[in-house]
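Chain letters run A, B, ... following the sequence lines, proteins first and then strands; every chain starts at 1.
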Protein chains: 2
Amino acid sequence: MQTGPQPADFADVRATNLAVVLRHVRNHAPCSRADIAAATGLNKATVSSLVADLIERRLLRETGLAEHRIGRPATMLVLDGQPYAAIGLAVSADQLTAVAVDLAGEQLLSWRRSFPALASSPGKAVSAIAALASRVAGRVGSQNRQVLGLTVGVPGLVDSDGTVRLAANLGWRDVDLRADLVHALRDPKYDVAVDNDANLSAMAEHRYGAFAGSSDLVYLTGEVGIGAGVIVDGRLLRGGRGFSGEIGHVQVDPSGPVCPCGRTGCLEAMAGIPAIIRRVLPDAEADGPITDFAPEIDEVVRLARRGDPATVDSLAAVGRHLGHGVAILTNVINPDVVVLGGNFVPLAPWLLPAAEAELAARAVAPEAGGCRIVASTLGAGTAAVGGAARALATVDAGHLPPPPPA
Amino acid sequence: MQTGPQPADFADVRATNLAVVLRHVRNHAPCSRADIAAATGLNKATVSSLVADLIERRLLRETGLAEHRIGRPATMLVLDGQPYAAIGLAVSADQLTAVAVDLAGEQLLSWRRSFPALASSPGKAVSAIAALASRVAGRVGSQNRQVLGLTVGVPGLVDSDGTVRLAANLGWRDVDLRADLVHALRDPKYDVAVDNDANLSAMAEHRYGAFAGSSDLVYLTGEVGIGAGVIVDGRLLRGGRGFSGEIGHVQVDPSGPVCPCGRTGCLEAMAGIPAIIRRVLPDAEADGPITDFAPEIDEVVRLARRGDPATVDSLAAVGRHLGHGVAILTNVINPDVVVLGGNFVPLAPWLLPAAEAELAARAVAPEAGGCRIVASTLGAGTAAVGGAARALATVDAGHLPPPPPA
DNA sequence: GTTAGTTCGTCTGCCGACTAAACAAACTAG
DNA sequence: CTAGTTTGTTTAGTCGGCAGACGAACTAAC
C-alpha cells in the first residue's frame, strides 16, 4: 500500500490482499492456503477468506492433487484459466496480429491478418482493427470466456488518452484510436486501451520473458523503427505525456546518414532493420517502403552463418551502434536488462558481442551498471502478447472482475 | 494504495489516510476539518479522528483564526513546524553544506564549511561530515526539535545501500558512507540515508521549486560535472542498481574533446562548467582541479551582460549542447520540465534560447513532448535542501513519527 | 490397530478503522 | 430572538484482518 493521493478504505485493503494472494498463486502454483499464509504473512483465516472469494470469482481453482507429506494433506490451488481471457492486438505497417491469453498465461489463439496500413486511411484501419477484435472477442466468448480487456499496440507516439499522435510508419497523425474503437465496438463491457508497441512488448517480457519479474527492464523493438519500452521499478515509464522510449531518433553519429525523419545520424538510421538490410544487401530492391523484412533478414542470417566477412563486419558495426543506444539508456535509466526484439532476434548472435563491448565502454557505472543485453525469446507477436499482458496486469494490480451475481 | 508485493492491513489504511490529511493540509493550509472531508471524500468523523491523531503527534496545529462565513465558524488547521526538523547535507569538491528544514518547509539553518575533499581521505571526510551533522542535530535538538532524518548528497554513483561506488570529483570509490556515518553518529534514532546529489536536488525542486508537484521532472546539476536527477510519476527513478541519471558522460559529439573520464565528447566535456570557463576565459589559470567556480562564473556573466560576442556565442554553443542532452532525456523519459541548477542558473539567460531551439529540433514528439527548460529558483544548497526534503517525503508517504509516549 | 504427533483449514471472538446519521455548538441573517 | 447554516463530535454499525482454539486428515511408530 503505497502513498497515493487517494484515501484508502476497507475495499482497498481487500483488493490489495486479493491481488497479493492471486500473484502468489501465479508465481508459486500449485500451492496451499497454508503456503500462502506463511509466505505473505497474512493470517491463515484471512487467506482462507481471500481464497474463497477468489474461487467464487473463478480466478482460482482447487486441484484434487494433494501433497502427501506428514500431517494433514494440503488442498492445492492453481489459477483457473478457463473463465477469462485478455485480448492483445498489434498494428504494424503490413499486418494486424491478435492474440488471446488466459489468466494462467496460456495463449488461446494467435491470428494474423495482412493489412497495408500505408495504403489505407486511418478510418479503414480502425474498421479493420475493430473487426478483428470483434471476431477474437466472439471466438473467446464462444468458449464461455469473459473478456477482461483489449489493448492495441501501435508503433508510434500514443498519448495518455489513447490517441495516436504520430505513427510515421503507418502514416497516422492525431488518430483517436481508443475512442474510435470503443465506438466501433459499441461500448464493449471490457476495457479498451491503446499503447505504444514497445511499451506493450516490454510488458510481455516483464510477464512472460526470460527475465520476467526483473523490475527494471527495457525492450527495444526491431521493426521498421527502433523504439524502447521501459519498465522501471516494475511499472511502465510513460513520462509526462506518454512519449517516453523514443530512442530511435536519438543521434548516435552526427556524420551519419540522413534519416527519413529529417534528422541526421539517428540510431534508427544507423542500426534499424532497413539500414541493416541496405548495408548487407545493397542489391535488394527498395521500391517504396518495405514493410516485411523476413526474406531479407533470412538472407542476412544465411550470409552471417556462412561467415561472410562483409556481413559479419556490418553486423558488428550495427551492434556497436545498438550498444551505443543501450549505453545511453543505461546511463540515464540503469535497467537490469535490455531485451532486443523483433528482427534483431535472429541477428543477435552477431550483434550482441559488439553491442556488449560498446556498452561496457560507454557506461559510466562499473560493470555497465549490471545491465545485460539479451535477445527476446518470446517469438513473433510480442507486442500483441504484451497487450493481453496489460489487461492481465490490471487484474494482478487489484482490479478484479466482479463476483458472479448468482 | 497501489499494488505492492506486501499485503495490507488496518495500520496501512490508517497510515495512508493520515498521510492524505497531512498532505492536504500542507497543500491547502489553512483549512478546516470540513474542508478536508469534502476534498478527500473521507467521512467527517474519520477526518476528525485523523486530525486528532496528527495533533497528538504534533504534526498539525489548530489556529485561533476562524473564517467567519455563515454558519458555525471553522477551526482552521495548519502544519505544526515546531517539533520536528529534517537535516540535509551536501558534499561537494570543496565544501560541505548543511541545512535543516522544518515540516512546514521553513529553512531553520544553512551552514557551509569548506572541506577540500580531494586533499583528504574518505575516512576524514566521513569524520567531517559526521561532525557537521552532529552539530546540526545538536542545534536542532537545542530548539526542542526532533530530528526526522539525515540525508547526505554526494556527487557520484550511490547504490541502494548508501555506498558511494564512484565519486570521481571527490576521489572516492566504494565508500560505505551510510554505514560509516551511522557508526560515527553512534546509531542515531533518526534515519540516515545517502543519495546522489542530483537525485536530491530533483526532490528539492519537486517539493519546493517553481514546478513543485510536477510529477515528471528532471534536475541537471551544474557543478564540476553534469548529473541528472529524474522524477517520474512523482517518484525518483533509481534504476536497477541506483545508477540512473548519469547523463554527463553521454556522448554528444564524437569529434569533441577528450573528457577526464577517458571518453570523447561527453556532454560534461562540452557543456560542463569547467568547459564553459575554459571556453570563455582561456586565460584563466587552471592549475590543478578547480573546485569553486564562483569568480569565473561571475566574470562570464559580466562579459555576457556586456554583450561580448565571443562570450555570447560560446554560451549559445554550450546551450545547444545542453539542449542536445535535454533532447536525449526528453526522447527517452519525456519529462514535463528540465530544471537547470548550480552554476547554470546565472548563465541561463544566454543558455536557454539555444537549448530550447536544439531541444525542439531533436525531440521526436511534437512541441518537444511538452518539455520546458527552466533555471532553478531555489538558490545555492539545493542538494542539501533536497536531502531534508527526502526525509520529509517519507513522512508525507505515511512514515509518521510515533505519537508521544505521554 | 492404536496412539502420538503433525499439518491443514475453519470457526469464534476480538479489535481497529471507516461510514452514516443524529446531534450539539456556534455563528449569520433578518 | 428566531430561523437557517455550517462545523465537528458522538453513537451505532459494518467490514476485514488477527489470534487462538479446534476438528479433520494424514504419517509414523509401537
Side-chain angles (χ1 to χ4, degrees), chain A residues 1 4 6-21 24-25 28 30-57 60-77 398 400 403, chain B residues 1 4 6-21 24-25 28 30-57 60-77 398 400 403:
Chain A
M1 187 187 307
Q6 312 305 344
D9 64 1
F10 297 115
D12 297 314
V13 173
R14 189 69 173 175
T16 300
N17 289 341
L18 285 168
V20 165
V21 171
H24 185 87
V25 174
H28 301 86
C31 63
S32 70
R33 293 170 173 80
D35 293 338
I36 298 170
T40 62
L42 288 162
N43 189 278
K44 282 192 300 173
T46 306
V47 171
S48 273
S49 161
L50 293 166
V51 166
D53 203 341
L54 290 170
I55 288 176
E56 194 190 357
R57 291 171 199 249
L60 292 187
R61 186 163 56 80
E62 292 187 342
T63 68
L65 303 168
E67 285 206 16
H68 286 248
R69 297 177 301 243
I70 196 171
R72 171 176 166 180
T75 56
M76 305 308 270
L77 300 164
L400 305 186
Chain B
M1 190 187 305
Q6 313 304 346
D9 63 2
F10 297 114
D12 297 314
V13 173
R14 189 68 174 178
T16 300
N17 289 340
L18 284 168
V20 165
V21 171
H24 185 88
V25 174
H28 300 87
C31 62
S32 69
R33 291 169 175 81
D35 294 337
I36 299 170
T40 62
L42 288 164
N43 190 281
K44 281 193 301 174
T46 307
V47 171
S48 274
S49 162
L50 292 165
V51 166
D53 202 340
L54 290 170
I55 287 176
E56 194 190 359
R57 290 169 199 251
L60 293 188
R61 182 164 57 81
E62 292 187 341
T63 66
L65 304 169
E67 284 205 16
H68 287 248
R69 298 177 299 243
I70 196 172
R72 174 176 164 177
T75 56
M76 304 308 267
L77 300 163
L400 305 186

From D:dG17, C:dT10, D:dG8, nucleotide with atom closest to B:F10 side chain: D:dG17
Nearest listed nucleotide, side chain of A:R33, among D:dG16, D:dG8, C:dG9: C:dG9
N/O (side chain, B:R72) to phosphate O (OP1/OP2, C:dA24) under 4.0 Å: no
Pair A:T46-A:R33, side-chain donor/acceptor within less than 3.5 Å: no
Criterion side-chain contact (heavy atoms from CB on, under 4.5 Å) on A:V21 and A:L42, from CA distance to verdict: CA-CA 9 Å; A:V21 171; A:L42 288 162; 4.2 Å; yes
Verdict with supporting geometry, B:L400 and B:R57, side-chain contact (heavy atoms from CB on, under 4.5 Å): CA-CA 8 Å; B:L400 305 186; B:R57 290 169 199 251; 3.7 Å; yes
Nucleotide nearest B:D9 (side chain, heavy atoms from C-beta), chosen from D:dT7, D:dG17, C:dT19: D:dG17
Phosphate-side-chain proximity, A:T46 and D:dC18, N/O vs OP1/OP2 below 4.0 Å: yes
N or O in side chain of B:N17 less than 4.0 angstrom from C:dA17 OP1/OP2: no
A:H28 side chain vs A:H24 backbone, donor-acceptor pair below 3.5 Å: yes
Under 4.0 angstrom between A:S32 side-chain N/O and C:dG9 OP1 or OP2: yes
B:A45 side chain, from C-beta outward: closest of D:dT7, C:dG9, C:dT19: C:dT19
Distance test, side-chain N/O of A:R14 to OP1/OP2 of D:dC15, below 4.0 Å: no
Separation of D:dG8 P from B:L60 CG (nearest whole Å): 13 Å
Protein-nucleotide distance (B:I36, atom CD1; D:dT9, atom P), rounded to Å: 11 Å
Phosphate OP1/OP2 of C:dC18: any B:S49 side-chain N/O under 4.0 Å: no
d(CG, A:L42; C1', D:dG16) in whole Å: 11 Å
Rounded interatomic separation in angstrom, taking CG from B:L50 and C1' from D:dT9: 14 Å
Closest to side chain of A:N43, choosing from C:dA25, D:dA19, D:dA25: D:dA19
Any donor-acceptor pair under 3.5 Å from B:D35 side chain to B:S32 backbone: yes
Nearest-Å distance for atom pair CD1/C1', residues B:I70 and C:dG30: 11 Å
Residue B:K44, side-chain heavy atoms: nucleotide from C:dG16, C:dA22, D:dT10 that is nearest: C:dA22
